[in-house]
**Student:** 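Got a structure for you, questions after.
Letters A, B, ... are given to chains in the order of the sequence lines, protein chains preceding strands, and every chain is numbered from 1.
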Amino acid sequence: FFQYCLSGHPTLPCNVLKFKSTTIMLDCGLDMTSTLNFLPLPLVQSPRLSKLPGWVLKDGSTFLDKELKECSGHVFVDSVPEFCLPETELLDLSTVDVILISNYHCMMALPYITEYTGFTGTVYATEPTVQIGRLLMEELVNSIERVPKAQSASMWKNKEVQRLLPAPLKDAVEVSMWRKCYTMPEVNAALSKIQLVGYSQKIELFGAVQVTPLSSGYALGSSNWIIQSHYEKVSYVSGSSLLTTHPQPMDQASLKNSDVLILTGLTQIPTANPDGMVGEFCSNLAMTVRNGGNVLVPCYPSGVIYDLLECLYQYIDSAGLSTVPFYFISPVANSSLEFSQIFAEWLCHNKQTKVYLPEPPFPHAELIQTNKLKHYPSIHGDFSNDFKQPCVVFTGHPSLRFGDVVHFMELWGKSSLNTVIFTEPDFSYLDALAPYQPLAMKCVYCPIDTRLNFIQVSKLLKEVQPLHVVCPEQYTQPPPTQSHRTDLMIDCQPPPMSYRRAEVLTLPYKRRYEKIEIMPELADSLVPLEIKPGISLATVSAVLHTKDNKHVLQLPPKPPQPPTSKKRKRVSDDVPECKPLKSLLSGSIPVDQFVQTLEKHGFSDVKVEDTAKGHIVLLQEAETLIQIEEDSTHIICDNDEPLRVKLRDLVLKFLQKF
Amino acid sequence: MPSECSLLLPRVCAALADPRQSGSDDTCLEKLLDWFRVLTRLDPTVSLLQDNPCLTDFIAAVLALPEPSLSILSFTLRLAGMLAASEHRFQHLQQEQLLVRLFGREGPLNSALWEDASVRSGWVAGVHSMMQHQPALHFLCNGGGIDVVFALQGDPSLFVASAASQLLVHMLTLSVESETTKPLSTVDCDWPACAQMIIKHIEDSLQSSSASHVEHSLKLLTNLFGSCCTPWTKVLWFSIAKHLESFLTEETVQAQHKLANLLLKMAWSPVFSEADSRFWALVTSALECFTPVQAGPLAVGVLRLYKCPQDVRMQALTVLLQPMDCILRAASQPLEYAGLLDESVSDPTTVESLLSSKSSCAGLLCQTLAHLEQLLSLIHLPVDLPYVSLLRSLMAILQFCNGSLSPASPLGNTISRILINCFRVQKSALDVLAALSERKGCDALIENLFDILLAYLESPNTSPTVLKKAFQATSKWLVCLQELSCSNSQWQQTVKILEAVFLVLQKRLCSPCWEVRDSSLEFLTVLIKYLRDQDEFRQCLLSSEVPRLTEDLLEDPESYVRASAVTAVGHLAFITYFSPEPPVMGNQYNKENTIAKLQEILSTDSEGFPRRAVISIFTKWLRQGCTGQLEDTEQFVSRVIQIVENDLDWEVRLGGLELVQVFCNQTVCQLGLPKCPYAPVPSAVTSSGHQNQSLQIFCRAKLFGFLFHSLCDCDKPLGQRACDILIGLRSHFYPTSTLKASQAVEESPAGHSVAWLQRTLRQGALAQNFPIDGGDGMDFQDPESMMLALGTIDFEDLHSELNRCSDHVEKSPQSLLQDIIATVGTTEENEADCY
């Protein structure tokens, strides 16, 4: 078993597993942190951003001043933002048979894989994953395409040039793998390769492997995957949650008895308890609004936003915020809010029961009905007419580099009454804010990451007891900023095997068995012989027939009829020749009795020597050695065939034949 | 015994002894026993039995029953014991052979009924009641009953076992104190026979290999030393000392907890002085040998003692501080801090291993912290604790718990892993921290300490209960900080800390969790209470958003929060509106608005807590003279009375009466009449003029209607309080009190209605629809009528009537006996119905 690790990002994984004869890609996450090196794409002409000075090298060279701009003491690339793709050179991606997607955040690189690598296989994902994944991709494409940039920057990526740049550009890794965003046709083409699956559905891959998605409790339709054959089981855990939020709870029991458990997608903020963070979010929101300020929440259009709206639904009346408008702005806002209400079977039990009442499972329906929550595709159009302050705006993108959020940052950044609350844990909030400095607006960091923390992982591993754990290297040591927190790493026995980007791992498991079926007629013909109480053996002569990775023992063909014609046989008709069977021997040779027998047969000078593996019986006169070991017996004599045969027969007397 | 009861008693006895009357009411039987307990105490003579032969007949009848009910048998045993408590009656019952049949071998003791715990319990209780004289003592010891008591120490019912142990203590004390002729000495201890038996039993049990026997004896001794402090107990100690000492050397007996309890009781007994070296040596070795968890309670008990040898105290201190010392060493670099203990006297291995284990770490720390808090809460500590090191250690614990400490040692790493997010330890540590604030000498650490406290207050990971404790500790240390900055003028540091506190408070006031909002408001109230005179505090508070957010919370959906917001706003008013130099505030801070808002809560809030909070704040304002001039105050009080008099919550109405009382006192004082009748009266004022004026004020404020109405309130405390106030007012208006003759009153113009009032008040709570605005021409705002009413109505009589329990009629023994007979009657009737 091999694992090719194409991504180094622990929560945006992309691994390829060679399991038996199949090649399976597990997730294809897209690392978007690269966008933080780019200037924001303003929706409305921003005098501040358009007048930024070009960056000049220390020696006065200005050849990069079109590509790089200086802003608030940092240098940013002035071009369309680019994303860091998974490794494409580590193995030929056209050989990938299937791609298994665990949740909508982990499929954002899919078009790059399916449309650029010669991939011809199938992608498996649940329906909500596909639908919401489509929304995320659509929002991404839309946000970038609606602010066309004339230029693209590539000179700075030259290794010699990059070395001269200031940090963090100087330290940016894998810049050669950075690509522009895909297009909608590519998205559609990629999504058309997806086959929908349901939880616990068993999918056969070429007869060799069976894959099954299990609920992972993290997001609508999010899954962990079981990849198993008859004697091997690999569990792939990616983005799971044990908290009771909106999705169906995590299925832990099915992960038991795994030989290998690949563990990715743990919480990115292990020290922040999501409940506490939601409280913090609400407190800061209320405080800002009561002071007459506006609140900006950069977020994805699906996921935690549903839970936040639910909390606010319960909180706004008690906090006296019922008159404050909540705006959700995204090209896919409407679809996201509506989709969430129709995936009833993928929701937690409480929400499922609501559907039968019938009531909408999420309370944001009521917020919309009572006009407390309004949603718009963009800041243009209706929104500008309805816009009232103070208000709360949920909009993307959390990186603050594109999307409607850029406009609100420019609009509200100058007033200390306003607050931006970061809830998505994917981006460093300080890096996200860098091009907006100096900023008067208050910034609050309330990352809400419901994925497993290390205490939960430790309990999970105790519960499911895999033989081996494989995880990203980040999980095997405390976070670099908190080196004393040894509680913030995976602690299991045997210690986990770690991987990093562009590494190929040999999974610590060897195949020992293969399942072979015996045809009933063949089974009937067997005559077992009991060699020990409870153990019977039989010799089998059969033809092993292998097709679609299934192995069957069939009756051997009848002895070939003597050729009736002299026609040349075709190679394909060639059946294996069935040689007559030699009987098999079993048992052990008791040395003392053997020596007595030898003496009875006239060998008088028998000497026995003990060796590490057994005994050597020496017939000195005949210059002959009989080497008796556990699994072999050798008679070594010089050209005396009658003697050898005699001795052989004496040996055989002690053994059983069948 | 009252004659009417004597008449009823035979029927009661017959009913109880009637086997057909199964399932007598246990409460009735208990009440009957209570009554007999009083009767037997009042009269030790035999006449109770002679005058009421039904009692002995009853006992005999129950004994004659082939299958008496368990509750009746248990009752009979206890009753007989009570009756036999006097020597005369004991003899009488003995003559009748009743005691032997009840408590002797032939009694229930050897029957199947003994299987029931209630019978055994009745037996022990009966014997205990009886055990007041020597004959009883001999009766039990000679009849073999004492062996039964010994055996009952191990009874499966804990109540019976404990009662048996108490009985043995009682018997031992009785025997020694009533049967010794010369003082006992250690050299020649000639114990009386019964005491001898018990002591031998104790000694035998202490040497027994059975852990339960050892435990029983230790428990018995603990009870004895806890209740008896006479010198002979020291003689007893000499006979058992060697056994106790052996427990520390032999590891076979696991009785450390019980032994620690015993030693603690002995240490507290005045019989043992500092000079008793053998005893203190035993305590010292117990402190050394026991595990830290076992030794902890003993150590803290010893440290609370004033009379205690210094070396024992040091050993106890070592036990108590060792976990804290280990924490400090594990948290800091070697040689960074001195630690709490001298390394030469303490061997930290055991404590270290307990602290490195997940199962014992939090438990040991919580126990140690609870003991420290217990010690620190004493005003005078008999021992000096190393406060600075203790504070350092506490800070380390709190930092371990929130993961902010990067430990320098492997032990620190292990402890850190165990303690992160451990709420139990966080709460205990914060409690000790709060208690430590009252001790001096920790000034140098105060800045670091606030860093830690603020981290707790700010962190979203802090649980609401931990946050509450963090608020409590912060408020205490803020008071310290304020005192400190007064002495060393470090205002800047104080202001910086206060600003940070208000910033976090602002956020907490907006928390979605109501417990957090509530404890934030309580914290604010405490701060204002203690710091409102400090300029820096007032400035920081008023320049923050806290006052406005607090006023917003008056409309919180949670009633507890509204109540706390009312209290906080009430206290805030001392700074904003009632301050001699009110700060320049925005429009939103308006005194009238706030008062109107609070009055609105008082009249419309659907929950009781906020309304109670408002009335108590109004009383506080009034008491502190914040409600303005007399005229304004009169109007204010009048308005409040009108709101509260119909409140459904009696505590709100009671609060209203308190407000009235304060108002009355203040009015009388303000008008120049001192409350104290002996204080000199300024010559310029004439008493009658002021009386007139104050009476008019009270009438205008509609006080009397409220007060007289409250006299008839169905909730008694209100009637009592109103009566107190009216008695006070009468003594003011009639300094030389003489009641006016009712006859004379009837003839006066207002007399008719006062007579009506008198009649109504006599009905008390049964008075229907008490008309506040006057009934039968009664005008509660008419000064003349009120003056007359005050002079006429016998408030003392009313007061004693109100002080009697409402069930005083039903509680009489006669009523009890009638009840029992009535129950029997119904059963008979039911029986008849069956036929």
Side-chain angles (χ1 to χ4, degrees), chain A residues 269-293 295 307-308 310-322 416-417 419 421 423 442 444-449 453-456 458 478-479 481-489 491, chain B residues 331 358 399-410 412-423 458-464 466-467 502-517 520 544-546 548-559 561-562 588:
Chain A
I269 320 286
T271 49
N273 153 25
D275 281 339
M277 284 300 162
V278 170
E280 191 80 356
F281 170 79
C282 291
S283 307
N284 283 296
L285 184 143
M287 208 163 67
T288 307
V289 175
R290 283 186 189 170
N291 289 340
V295 176
D307 298 320
L308 287 180
E310 185 155 358
C311 287
L312 288 172
Y313 167 79
Q314 291 157 0
Y315 176 63
I316 47 177
D317 286 334
S318 70
L321 302 176
S322 26
S416 62
L417 282 177
T419 306
I421 308 183
T423 55
K442 281 195 282 289
V444 179
Y445 185 51
C446 297
I448 297 167
D449 196 333
N453 63 31
F454 289 98
I455 299 170
Q456 292 164 334
S458 155
T481 50
Q482 288 168 296
S483 55
H484 66 286
R485 293 291 298 265
T486 49
D487 57 319
L488 304 181
M489 56 189 265
D491 178 24
Chain B
K358 207 167 186 176
Q399 285 174 298
F400 273 134
C401 288
N402 71 0
S404 61
L405 187 73
S406 155
S409 66
N413 268 321
T414 316
I415 295 176
S416 160
R417 276 190 80 115
I418 298 173
L419 289 186
I420 281 179
N421 289 332
C422 179
F423 295 159
E458 273 164 14
S459 168
N461 289 344
T462 306
S463 84
V466 174
L467 183 74
F502 286 125
L503 204 62
V504 72
L505 187 60
Q506 202 172 311
K507 187 180 78 182
R508 293 298 190 178
L509 286 172
C510 296
S511 167
C513 169
W514 73 263
E515 289 93 337
V516 171
R517 299 197 297 276
S520 306
S544 75
E545 295 292 334
V546 169
R548 206 174 45 76
L549 292 171
T550 306
E551 294 209 3
D552 284 352
L553 290 178
L554 290 174
E555 288 171 19
D556 198 277
E558 186 60 49
S559 66
V561 179
R562 288 200 301 279
Q588 74 269 35

**Student:** If every non-hydrogen atom of B:Ser511 is compared with every non-hydrogen atom of A:Ser283, which pair is closest and at what distance?
**Tutor:**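 Closest approach of B:Ser511 to A:Ser283: CA-OG, 3.2 Å.
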
**Student:** Using non-hydrogen atoms and a 4.5 Å limit, figure out which bit of A:Asp275 sits close to chain B: side chain, backbone, both or neither.
**Tutor:**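 No part of A:Asp275 comes within 4.5 Å of chain B.
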
**Student:** Does the side chain of B:Cys510 reach to within under 4.5 Å of the side chain of A:Tyr315, using non-hydrogen atoms?
**Tutor:**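 Yes, close enough: below the 4.5 Å cut-off.
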
**Student:** Please name the pair of heavy atoms, one in B:Pro460 and one in A:Met277, separated by the smallest distance, quoted to 0.1 Å.
**Tutor:**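 Answer, listing the atom of B:Pro460 first, then A:Met277: CG-CE, 3.7 Å.
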
**Student:** Kindly say whether B:Gly403 contributes a backbone atom to a donor-acceptor pair with the side chain of A:His484 at under 3.5 angstrom?
**Tutor:**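 Answer holds: yes.
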
**Student:** With a 3.5 Å cut-off and sequence neighbours excluded, list the donor-acceptor pairs that the side chains of residues 412-419 of chain B form with protein atoms.
**Tutor:**
unit_1, atom_1, unit_2, atom_2, d
B:Thr414, OG1, B:Pro410, O, 2.9
B:Arg417, NH1, A:Thr486, O, 2.8

**Student:** Can you name the ring pair (Phe, Tyr, Trp, His ring centres under 6.0 Å) partners of B:Phe502, sequence neighbours left out?
**Tutor:**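 Ring pair (Phe, Tyr, Trp, His ring centres under 6.0 Å) check on B:Phe502 returns B:Phe537.
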
**Student:** Quick one: CZ on B:Arg508 to CE on A:Met287, what's the gap to the nearest 0.5 Å?
**Tutor:**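 Going from CZ on B:Arg508 over to CE on A:Met287, the span is 11.0 Å.
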
**Student:** B:Leu553, B:Leu405, B:Asp556: which one forms the most heavy-atom pairs within less than 4.5 Å of chain A?
**Tutor:**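 Heavy-atom pair counts peak at B:Leu405.
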
**Student:** Using a strict cut-off of less than 4.0 Å between a Lys/Arg side-chain nitrogen and an Asp/Glu carboxylate oxygen, indicate whether B:Glu545 and A:Arg290 qualify as a salt bridge.
**Tutor:**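 Salt bridge: no.
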
**Student:** With a 4.5 angstrom heavy-atom cut-off, which part of B:Glu555 approaches chain A: side chain, backbone, both or neither?
**Tutor:**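 B:Glu555 has no heavy atom closer than 4.5 Å to chain A.
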
**Student:** Against chain A, label B:Ser463 side chain, backbone, both or neither, depending on which of its atoms sit under 4.5 Å from a heavy atom there.
**Tutor:**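 Contact with chain A: none, neither part.
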
**Student:** Rounded to the nearest 0.5 Å, how far apart are CD1 of B:Ile420 and CG of A:Leu488?
**Tutor:**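 Interatomic distance, B:Ile420 CD1 to A:Leu488 CG, rounded to 0.5 Å: 6.5 Å.
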
**Student:** Measuring heavy-atom distances to chain B, does A:Arg485 have an atom under 4.5 Å in its side chain, in its backbone, in both, or in neither?
**Tutor:**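 For A:Arg485, the side chain is the part near chain B, not the backbone.
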
**Student:** Heavy-atom distances under 4.5 Å only: say whether B:Asn402 touches chain A with side chain, backbone, both or neither.
**Tutor:**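 The backbone, not the side chain.
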
**Student:** Which heavy atom of B:Asn461 sits nearest a heavy atom of A:Asn273, and at what distance?
**Tutor:**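 Scanning both residues, the minimum pair turns out to be OD1-N, 3.0 Å.
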
**Student:** Do B:Lys507 and A:Val444 come close enough that some side-chain heavy atom pair is under 4.5 Å?
**Tutor:**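 The answer is no, as the side chains (C-beta and beyond) never meet within the 4.5 Å cut-off.
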
